[in-house]
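Let me begin by presenting the structure, written as structure tokens, before commenting on it.
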Amino acid sequence: MVAETGKAEAVPGAPPLFEARNISKSYGHVNALMNVDFHVGRNEVVGLLGDNGAGKSTLIKILSGVVIPDEGKFFRNGKPADISSRRRSEAAGIQTIYQDIALVGSMSIMRNIFAGREPTNALGFLKMRQMRATSMDILDSYVRIAGITSPDLPVEDLSGGQAQAVAIARAVHFKRDILLLDEPTSALSVRETEKVLGIMRELAESGVSCVFVTHNIYHAFRVCDRFVVMAHGQSVKSVAKADTSLNELTDLIMTH
Amino acid sequence: MSSTSTPSESPVTAGSSVHEHAKRRYREASLWTRVRLHPAGPVAIMFFGLLAACIIAGLVIPQNFAFLNPANLTLLLKQIPNYGMVALGVGLLMITGEFDLSVGSVFVVAPFAMATAYAADIPLPIAILIGFAIAALIGLANGVITLRFGIPSFITTLGMLFIVRTSAPFLVGYARSLNFKPPATFTAILTGNLGPIPAQFIWFLVMALVCYLILNRHFLGNHFFAAGGNPGAARFAGINVFWTKIAAFVLSSVFAAAAGLFSITRLQTAMTNPQLFIELFAVAICVIGGLSLFGGRGAVIGIVLGAALLQLVQDVIILARLPGFYLDLFVGVMIVVGVVINQIVRRKY
Ligand SMILES: Nc1ncnc2c1ncn2[C@@H]1O[C@H](COP(=O)(O)OP(=O)(O)OP(=O)(O)O)[C@@H](O)[C@H]1O
Ligand SMILES: [Mg+2]
């Protein structure tokens with residue numbers, strides 16, 4: 001193993017933390033995914049690489065429960081898992097940062113952070129004070145983005161990078177076992193990007209596995225333990241960091 | 001590793017000490033920010049501006065403009081709930097990004113069903129429940145048809161407006177009216193007076209408060225805003241957009257039925273002939289009140305002020321002995337002006 005990137009794939013032969021087998025999804029005539037097998041081990045950061053339109057985001061959305069595959073089976077710790085809705089996928093321990101950020105512009109940062117998972121009393125009324133305190137903590141903890149002064153600001157008044165930071169902070173805060181990051185740093189400054197890369201490593205070491213979709217192969221090479229290269233809706237290669245190099249990875253992505 | 005964070009501020013293992021730091025860094029939005037972002041700002045300016053003008057005119061020329069006459073003020077308060085109650089439900093639905101034009105017919109037909117049931121010796125609470133159940137079913141049908149088949153709700157509910165409108169005459173004959181004489185206490189509680197203040201107006205404020213609590217203090221309201229503001233993001237956040245919108249469709253219909261119940265109680269008569277344009281006035285009130293036609297934006301106070309502004313203009317027209325069609329003109333101008341102001345305020349502050 002590579003010392004720098006920690007201890008991926010602990011016990012050989014043990015079932016992976018999460019596994020997807022034979023995933024297919026088509027949109028009309030477009031085969032976005034064809035018989036894709038994919039797994040996430042414990043304590044690992046998986047880099048999901050590939051050209052535009054390769055099917056990376058489709059796979060992320062399927063794992064996240066917001067896109068239902070035409071075919072495919074899912075297993076968590078070797079046991080069949082149901083991720084046929086966002087809520088079920090969340091219950092299976094999966095949290096996602098989507099490529100298109102997925103925040104509601106007209107709502108405040110605070111209300112976005114808790115959308116779909118509001119802390120309420122028995123009658124369904126919001127615990128506003130708790131929401132405000134927690135959202136301040138969340139903004140403060142993960143990404144201290146310049147310019148955000150209040151959790152009450154509407155998201156549409158934020159810059160692209162600020163909004164992305166909010167989406168990241170939200171997902172990192174509510175993470176459980178697996179965090180899916182679909183091009184999470186596309187709008188971030190160098191400093192914030194470094195922070196996000198650091199968070200992924202820390203998460204993996206503390207037991208939260210990450211799937212990192214990126215077009216920046218240098219970033220991928222710095223934080224990932226393993227790489228999965230996709231092309232034209234298929235997974236063409238899965239290789240551990242120890243068994244590859246930057247050049248080989250670049251070739252893999254370019255030639256398919 | 002690449003992380004720049006020092007161990008003490010490790011983001012993943014952030015402890016409780018963070019909160020103190022967070023409180024220093026972030027604050028609640030300032031008053032100015034809140035006012036500037038508030039969707040009801042323009043309608044508040046228009047309403048209070050006109051109100052001030054009316055009060056001044058009422059003081060200066062009381063014999064020509066009897067605005068401050070207690071009878072006039074009581075009448076004004078009595079009128080506000082008429083369209084206002086319908087607008088509350090329509091507004092909740094509009095925030096989820098959908099329309100309901102069928103309220104104009106539900107306003108007539110659901111209370112007619114209540115009166116019919118009551119006339120057939122069904123106990124009053126059950127008769128009222130029957131009417132509400134019919135309204136809820138109409139709302140459910142609006143929602144299911146709209147969402148299952150991906151039709152604009154504008155079309156679905158326009159169809160429903162006509163269908164429901166003809167249903168009562170179809171069953172019992174056109175232009176039928178029916179006495180509705182519930183116990184006097186019931187009538188007094190719904191449509192009596194509390195001193196100079198009509199009970200209806202108080203009920204309207206109560207309903208507005210309920211709407212406010214749903215919208216701003218309940219998780220359902222958070223889902224309403226999310227489903228209307230960005231349905232995709234709402235779904236990605238685990239919100240069931242379908243059921244959220246269905247709930248809003250049902251609420252809209254039920255509010256229209258409630259408004260109708262107040263109306264038949266006040267008149268002591270239920271009629272089958274349609275009350276024209278209630279649905280359009282309800283939408284107009286919401287738009288004037290700063291709700292977005294595209295969903296995701298709006299506040300209950302805007303609806304209340306929009307309803308009040310509409311009646312205030314009506315009152316001015318009557319007091320100034322202007323022709324009645326001036327109201328339509330004003331409503332038209334206010335809709336356009338309201339939308340334009342909202343657009344400007346959002347783009348530049
Ligand atoms: N909702 C959709 N409707 C129709 N086609 C879709 C939809 N979503 C994805 N596709 C198609 O599926 C294919 C895979 O798309 P996907 O978004 O997964 O690519 P990607 O690998 O994430 O690309 P990028 O790196 O550009 O984000 C593309 O050809 C795309 O056009
Ligand atoms: Mg993508």
Task: Heavy-atom contact with chain B under 4.5 Å, split by part of A:Leu123 - done: backbone
Open item on the list: Please determine whether the number of non-hydrogen atoms from other residues, nucleotides or ligands lying under 6.0 Å from atom OH of A:Tyr27 exceeds 12.
Closed with: yes
Task: chain A neighbours within residues 84-98 of chain B, where any heavy atom lies under 4.5 Å away - done: none
Task: Proximity breakdown for A:Lys61 and chain B, heavy-atom pairs closer than 4.5 Å - done: side chain
TODO: Sort out for me which of A:Gly116, A:Ser89, A:Gly124, A:Ala102 touches chain B most, counting heavy-atom pairs under 4.5 Å.
DONE: A:Gly124
- [ ] Select one option (side chain, backbone, both, neither) describing which atoms of A:Asp100 are under 4.5 Å from chain B's heavy atoms.
- [x] side chain
Task: Residue-level contacts of residues 213-233 of chain B with chain A, using a heavy-atom cutoff under 4.5 Å - done: B:Leu213, B:Leu215, B:Asn216, B:Arg217, B:His218, B:Phe219, B:Asn222, B:His223, B:Phe225, B:Ala226, B:Gly229, B:Asn230, B:Ala233
- [ ] With a 4.5 angstrom heavy-atom cut-off, could you sort out which part of A:Ser64 is near chain B: side chain, backbone, both or neither?
- [x] neither
TODO: Write down the atom of B:Phe236, the atom of A:Tyr98, and the distance for their closest heavy-atom approach.
DONE: O-OH, 3.4 Å
- [ ] Determine the minimum heavy-atom distance between A:Arg86 and B:Ala237, stating which atoms define it.
- [x] CG-C, 4.2 Å
Task: Donor-acceptor under 3.5 Å (A:Ser106 side chain, B:Arg297 main chain) - done: no
